[in-house]
Amino acid sequence: MSSGKEIHNRGTVGVVCHDAGGAEVVSEWLLQSGARFHCCLAGPAKDIFLGKFNVINNMALDLVVNQSDWVLCGSSWQSDLEKQAVKYSIKLQKHVVVCLDHWVNYEDRFIADGTLRLPNEIWVCDHYAYEIAAGLFPSIGIKVIDNPYLKKIKSDLAAMLSDENDT
């Protein structure tokens, strides 16, 4: 499995998230990688990022994409924010990655304005998701990354159990 960290050497990442699941994975990836980023956040993603970074400069989508070297998005089934980010990134020929944090409705997460618009790369967090994504999008690079959110939960749990054993 890849950590996904090798891509952060490409400079500043533009982060676009709306839904909670993708925001949890993407925000933890940012914390663990130390990548520089600009963000365009809406919905539950705003509170998740504020809880982890305390202060964020939430920018308009076009500014985030324009001022970034590459783009990393969560995915939404009902919100169009990430779909518009993929569309705009492709228009500007920016490398765009979408992180899928689940196992359902993959195609719907890439349809904007009635058109299927796929990113340059898809990140998934387990081999089951990889099989689904690879079957649906054989022409797209798909990477299985270590789930940084799950990694954090495991670390927090281990620390709590250790604290209990110390008492």
Hey, are the side chains of [X] and [Y] touching, using non-hydrogen atoms and a 4.5 Å cut-off?
{"X": "Met59", "Y": "Cys39", "result": "no"}
{"X": "Val144", "Y": "Trp123", "result": "no"}
{"X": "Val124", "Y": "Ile145", "result": "no"}
{"X": "Val13", "Y": "Leu30", "result": "yes"}
{"X": "Cys125", "Y": "Val25", "result": "yes"}

### Summary
Residues pairing under salt bridge (charged side-chain N to carboxylate O under 4.0 Å, His left out) where one sits in residues 91-103, two or more places apart or in two chains, turn out to be none
#### Entry: side-chain contact (heavy atoms from CB on, under 4.5 Å) between Val26 and Leu72, worked out
CA-CA 8 Å; Val26 170; Leu72 174 60; 3.9 Å; yes
Roughly how far, to the nearest 0.5 Å, is the [atom2] atom of [Y] from the [atom1] atom of [X]?
{"X": "Asp47", "Y": "Lys52", "atom1": "CG", "atom2": "NZ", "value": "12.0 Å"}
{"X": "Thr12", "Y": "Asp69", "atom1": "OG1", "atom2": "CG", "value": "5.5 Å"}
{"X": "Lys46", "Y": "Leu41", "atom1": "NZ", "atom2": "CG", "value": "8.5 Å"}
{"X": "Ile90", "Y": "Tyr88", "atom1": "CD1", "atom2": "OH", "value": "13.5 Å"}
{"X": "Asp146", "Y": "Gln32", "atom1": "CG", "atom2": "CD", "value": "9.0 Å"}
{"X": "Phe49", "Y": "Phe37", "atom1": "CZ", "atom2": "CZ", "value": "6.0 Å"}

### Summary
With sequence neighbours left out, the residues meeting ring-ring contact (aromatic ring centres under 6.0 Å, His included) with Tyr130 are none
### Set of residues satisfying ring-ring contact (aromatic ring centres under 6.0 Å, His included) with respect to His38, sequence neighbours excluded
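With sequence neighbours excluded, His38 shows a ring-ring contact (aromatic ring centres under 6.0 Å, His included) to no residue whatsoever.
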### Query
With no hydrogens and no angle check, is any side-chain donor or acceptor of Asn120 less than 3.5 Å from a backbone partner on Val96?
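Here the side-chain-to-backbone pair exists.
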### Query
Taking NZ, NE, NH1 and NH2 as the nitrogens, is one of them in Glu82 or Arg109 under 4.0 Å from a carboxylate oxygen of the other?
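Salt bridge absent between Glu82 and Arg109.
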Who are the side chain to side chain donor-acceptor pair (under 3.5 Å) partners of [X], not counting sequence neighbours?
{"X": "Ser68", "value": "none"}
{"X": "Ser79", "value": "none"}
{"X": "Tyr106", "value": "none"}
{"X": "Asn58", "value": "none"}

### Query
After noting the C-alpha distance and the side-chain angles of Val97 and Cys73, does the key distance pass the side-chain contact (heavy atoms from CB on, under 4.5 Å) rule?
CA-CA 6 Å; Val97 178; Cys73 302; over 6 Å; no
Qualifying residues under side chain to side chain contact (heavy atoms under 4.5 Å, CB included), relative to [X], sequence neighbours excluded:
{"X": "Asp113", "answer": "Gln84, Lys87, Arg117"}
{"X": "Glu131", "answer": "none"}
{"X": "Glu107", "answer": "Leu136, Phe137"}
{"X": "Tyr128", "answer": "Trp103, Asp126, Ile132"}

Could you pull out the closest heavy-atom pair between [X] and [Y], with the gap in Å?
{"X": "Ser76", "Y": "Asp19", "value": "OG-OD1, 3.0 Å"}
{"X": "Cys17", "Y": "Ala23", "value": "SG-CA, 4.1 Å"}
{"X": "Ile111", "Y": "Lys83", "value": "O-CD, 3.1 Å"}
{"X": "Leu61", "Y": "Ala85", "value": "CD1-CB, 3.6 Å"}
{"X": "Ala60", "Y": "Cys40", "value": "C-SG, 4.2 Å"}

### Task
Could you state whether Ile122 and Leu116 fall into the same hydrophobic cluster, counting links through intermediate Ile, Leu, Val, Met, Phe, Trp or Tyr residues with side-chain heavy atoms under 4.5 angstrom apart?
yes
### Query
Should Phe110 and Val71 be counted in the same cluster of Ile, Leu, Val, Met, Phe, Trp and Tyr side chains packed under 4.5 Å apart?
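Shared cluster, yes.
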### Task
Just do the side chain to side chain donor-acceptor pair (under 3.5 Å) check on His102 and Ser75 with the steps written out, would you?
CA-CA 10 Å; His102 46 72; Ser75 70; 3.2 Å; yes
### Task
Let me see the working for Val98 and Val86 under side-chain contact (heavy atoms from CB on, under 4.5 Å), right down to the final yes or no.
CA-CA 8 Å; Val98 172; Val86 169; 3.6 Å; yes
### Message
I'd like to know whether Glu24 forms a side-chain contact (heavy atoms from CB on, under 4.5 Å) with Ile48, so could you lay out the CA-CA distance, the side-chain angles of the two residues, the decisive distance to 0.1 Å, and finally the verdict.
### Response
CA-CA 7 Å; Glu24 290 287 8; Ile48 289 166; 3.8 Å; yes
#### Entry: Partner set under salt bridge (Lys or Arg N to Asp or Glu O under 4.0 Å) for Asp108, not counting sequence neighbours
none
